[in-house]
Amino acid sequence: MKTKNLSILGSTGSIGTQSLETARKCGYSVSALSAYSNVDLIEKQIREFKPSVAALVDENAAKELKNRVSDTNTRVLSGLSGVCECASQDGADTVINAVVGMAGLRPTLTAIECGKKIALANKETLVAGGQLVTRKARENKVDILPVDSEHSAIFQCLQGQPSNRALKKIILTASGGPFFGKTKDELSKVTVADALKHPNWSMGQKITVDSATMMNKGLELIEAVWLFSVSPEKVEIVVHRESIIHSMVEYDDNAVIAQLGLPDMKIPIQYALTYPERIESLTGELDLTKLGTLTFYKPDYDTFRCMTVCREAITRGGLYPAYANSANEQANLMFRKGEIGFLDIGELVERVMNEAPNVTEYSADDIDEADSEARRLVLKYAKKR
Ligand code: NAD
Ligand code: MG
């Protein structure tokens, strides 16, 4: 297999560190690393992987890092421009975008403009700017390979798809998160610690709370619409508590193809890097007889409003998904800081999504403006409570 040279954005996070484990195992080179402010961890990563360039968004942290690694050949940069420079690093053929949130948008656009292959974990980029990102990727003939486990599963199930597509629907599976089956009344009393206890996956805090509100599944519905060019009605969400079937596709002849595996992100990360080939994995084998039973349920759209709001946002199109996404980023953060309750997240996301301007085309600047406005509205409405 051809060796790869990677630029890993968000290298200190859950997906970033698992990407580095994969790079270590596959013997891939790493020519750029970026993160927000974790000096200790990125220093260790620089010493092991010896990238040409590394960036920290936080200016003070970047200064500190520069001092610490002055004995190495790694150039240290700062700010969003530093992250974008990592995304355009000459040596790298593939950019893994594992940044959390809308902050990943500009680096993704930069990588596309430089013709890099993109392994995309940063779903917020596609949710907020799907039209722009997919159009630019087509224009620059750049492949966007999904890292999100459900989308990797769908992508795998679509291999060998007939030329007439014949795709009836996508069945997007959801674990249901820590609050599956709870009523609104019960949810009004849950704490941040409760929301951070995911039954099957160990992930960054933002996505873990998104899994508790089911916003994550709403974001993934929008992500699927853009990645696989399907209309939102063709994406059905099914709760599957065990997270063993990572998603399915149903063809016109009613044949359903599923992808299964242990819930371990190293499988989809590796596939995004080795596609179309497959190699041995660091992850254990699936033993179906140990599991015995797999269960499936209809999602509760009324209690978990975020899913409904995302479906509505992508059906309306334009900047509605960007508003829903940024409102959620703000509300999710406020919940984690103890400033609002759990159910407030869905209410704020719904209210703010409805205030998006009705446009059909948008630029990257329009998305940034939508981001600021949606966050401002969340702060305003949260204060009135
Ligand atoms: P995380 O919080 O563990 O890591 C985020 C990384 O992004 C860190 O390296 C952090 O330093 C960096 N970062 C944070 N803010 C930034 C900013 N403003 N600019 C640049 N870099 C910034 O998050 P994670 O769980 O690894 O998730 C990363 C992305 O992958 C998210 O979009 C998430 O939805 C997606 N994803 C994660 C998982 C998972 O298992 N963790 C699964 C599927 C998809
Ligand atoms: Mg997922």
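- Between Leu9 and Asn122 there is no side-chain heavy-atom pair separated by less than 4.5 Å.
- The pair Arg106-Asp368 counts as a salt bridge, with a side-chain nitrogen and a carboxylate oxygen less than 4.0 angstrom apart.
- A distance-only check finds no donor-acceptor pair linking the side chain of Gln259 to the backbone of Ser152 [under 3.5 Å].
- A heavy-atom distance below 4.5 Å is found between the side chains of Met265 and Pro268.
- At a threshold of 4.0 Å, the pair Arg375-Glu329 counts as salt-bridged, since one of the basic side-chain nitrogens sits closer than that to a carboxylate oxygen.
- The cluster map of Ile, Leu, Val, Met, Phe, Trp and Tyr, joined by side-chain heavy atoms under 4.5 Å apart, puts Val349 and Met214 in the same cluster.
- The existence of a salt bridge linking Glu150 and Lys217 is confirmed by a sub-4.0 Å separation between a basic side-chain nitrogen and an acidic carboxylate oxygen.
- Under the 3.5 Å distance criterion, the side-chain polar atoms of Thr303 are left unmatched by any main-chain donor or acceptor of Asp300.
- Listed by chain and number, the residues in a ring pair (Phe, Tyr, Trp, His ring centres under 6.0 Å) with Phe296 are His240 (sequence neighbours excluded).
- Leu80 and Leu105 fall into different hydrophobic clusters, defined by Ile, Leu, Val, Met, Phe, Trp and Tyr side-chain heavy atoms under 4.5 Å apart, directly or through other members.
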Contacts table for residues 333-340: side-chain donor-acceptor under 3.5 angstrom, sequence neighbours left out:
unit_1 : atom_1 : unit_2 : atom_2 : d
Arg336 : NE     : Asn332 : OD1    : 2.7
Arg336 : NH2    : Asn332 : OD1    : 3.1

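- Annotation: Lys66, atom NZ; neighbour count of heavy atoms from other residues, nucleotides and ligands within 6.0 Å does not exceed 12.
- Ser363 and Asp366 share a side-chain donor-acceptor pair at under 3.5 Å.
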Query raised in the report: Are Asn200 and Ser243 close enough, and set up right, to give a side chain to side chain donor-acceptor pair (under 3.5 Å), and what steps lead you there?
Result: CA-CA 7 Å; Asn200 306 339; Ser243 299; 2.7 Å; yes

Requested in this report: Begin from the C-alpha positions of Glu361 and Val359 and carry the test side chain to side chain contact (heavy atoms under 4.5 Å, CB included) through to its verdict.
Outcome: CA-CA 6 Å; Glu361 297 278 320; Val359 299; over 6 Å; no

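- Side-chain contact, Gln89 with Ser31: no donor N or O sits under 3.5 Å from an acceptor N or O.
- With a 4.5 Å cut-off on side-chain heavy atoms, Pro321 and Cys310 do not count as touching.
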Report task. Please test Glu186 against Thr183 for side chain to side chain donor-acceptor pair (under 3.5 Å), starting from the C-alpha separation and ending with a verdict. Result -> CA-CA 5 Å; Glu186 289 166 322; Thr183 61; 3.2 Å; yes

Scan the side chains in residues 248-258 for donor-acceptor partners under 3.5 Å anywhere in the protein, sequence neighbours excluded, and list what turns up.
unit_1 : atom_1 : unit_2 : atom_2 : d
Tyr251 : OH     : Cys157 : O      : 3.2
Asp253 : OD1    : Ala255 : N      : 3.1
Asn254 : OD1    : Lys168 : NZ     : 2.4

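- In this structure, CD in Glu236 is found 10.0 Å from CG in Leu172, a value given to the nearest 0.5 Å.
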Report task. Would you check, one step at a time, whether the test side chain to side chain contact (heavy atoms under 4.5 Å, CB included) holds for Lys189 with Phe342? Result -> CA-CA 8 Å; Lys189 298 176 199 102; Phe342 183 78; over 6 Å; no

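- The hydrophobic cluster containing Ile15 does not contain Leu219, counting ILVMFWY residues as joined when their side-chain heavy atoms lie under 4.5 angstrom apart, directly or transitively.
- Under a hydrophobic clustering in which Ile, Leu, Val, Met, Phe, Trp and Tyr are joined whenever their side-chain heavy atoms come within less than 4.5 Å, directly or via other members, Phe179 and Val192 fall into the same cluster.
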Can I get a per-line list of side-chain donor-acceptor pairs under 3.5 Å for residues 313-320, giving both atom names and the distance, sequence neighbours left out?
unit_1 : atom_1 : unit_2 : atom_2 : d
Thr315 : OG1    : Arg311 : O      : 2.6
Arg316 : NE     : Glu312 : OE2    : 2.7
Arg316 : NH1    : Asn354 : OD1    : 3.1
Arg316 : NH2    : Glu312 : OE2    : 3.3
Arg316 : NH2    : Asn354 : OD1    : 2.8

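- Identified under the side chain to side chain donor-acceptor pair (under 3.5 Å) test for residues 157-166, with sequence neighbours left out: none.
- A salt bridge does not link Lys44 with Asp40: none of the charged nitrogens is closer than 4.0 Å to a carboxylate oxygen.
- With sequence neighbours excluded, the residues satisfying ring pair (Phe, Tyr, Trp, His ring centres under 6.0 Å) with Tyr275 are Phe155, Tyr271.
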Requested in this report: Please step through side chain to side chain contact (heavy atoms under 4.5 Å, CB included) for the pair Ser149 and Trp201, ending with a clear verdict.
Outcome: CA-CA 11 Å; Ser149 55; Trp201 298 94; 3.9 Å; yes

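- At distances below 3.5 Å, at least one donor-acceptor pair connects side-chain atoms of Thr173 with backbone N or O atoms of His246.
- Side-chain atoms of Ile154 and Leu227, non-hydrogen and from C-beta on, never get closer than 4.5 Å to each other.
- With respect to Asp344 and Arg351, no salt bridge is recorded, no charged nitrogen being found less than 4.0 Å from a carboxylate O.
- Of the charged side-chain nitrogens involved, at least one lies within less than 4.0 Å of a carboxylate oxygen, so that Arg376 and Glu373 count as a salt-bridged pair.
- A salt bridge links Arg47 with Glu43: at least one charged nitrogen is closer than 4.0 Å to a carboxylate oxygen.
- Note that CG of Asn97 and OG1 of Thr108 are 4.0 Å apart. Values are rounded to the nearest 0.5 Å.
- Residues Val100 and Ile207 have side chains not in contact (no heavy-atom distance under 4.5 Å, counting atoms from C-beta outward).
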Requested in this report: Decide side chain to side chain donor-acceptor pair (under 3.5 Å) for Glu220 and Asn216; before the verdict, give the C-alpha distance in whole Å, the side-chain angles of both, and the deciding distance to 0.1 Å.
Outcome: CA-CA 6 Å; Glu220 291 184 354; Asn216 185 49; 3.2 Å; yes

Query raised in the report: Stepwise, does the side chain to side chain donor-acceptor pair (under 3.5 Å) test hold for Lys123 with Asn325?
Result: CA-CA 10 Å; Lys123 64 190 84 183; Asn325 176 65; over 6 Å; no

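- If you chain together hydrophobic residues whose side chains sit under 4.5 Å apart, Val147 and Leu273 fall into the same group.
- Residue-environment remark: CG (Asn73) stays at or below the threshold of 12 foreign heavy atoms within 6.0 Å.
- Residue-environment remark: CD (Glu280) stays at or below the threshold of 12 foreign heavy atoms within 6.0 Å.
- Within the 4.5 Å cutoff, the side chain of Met215 has no heavy atoms near those of the Phe304 side chain.
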Requested in this report: Please assess Gln18 against Ser14 for the test side chain to side chain contact (heavy atoms under 4.5 Å, CB included), listing each intermediate value before the final yes or no.
Outcome: CA-CA 6 Å; Gln18 295 181 81; Ser14 161; 3.4 Å; yes

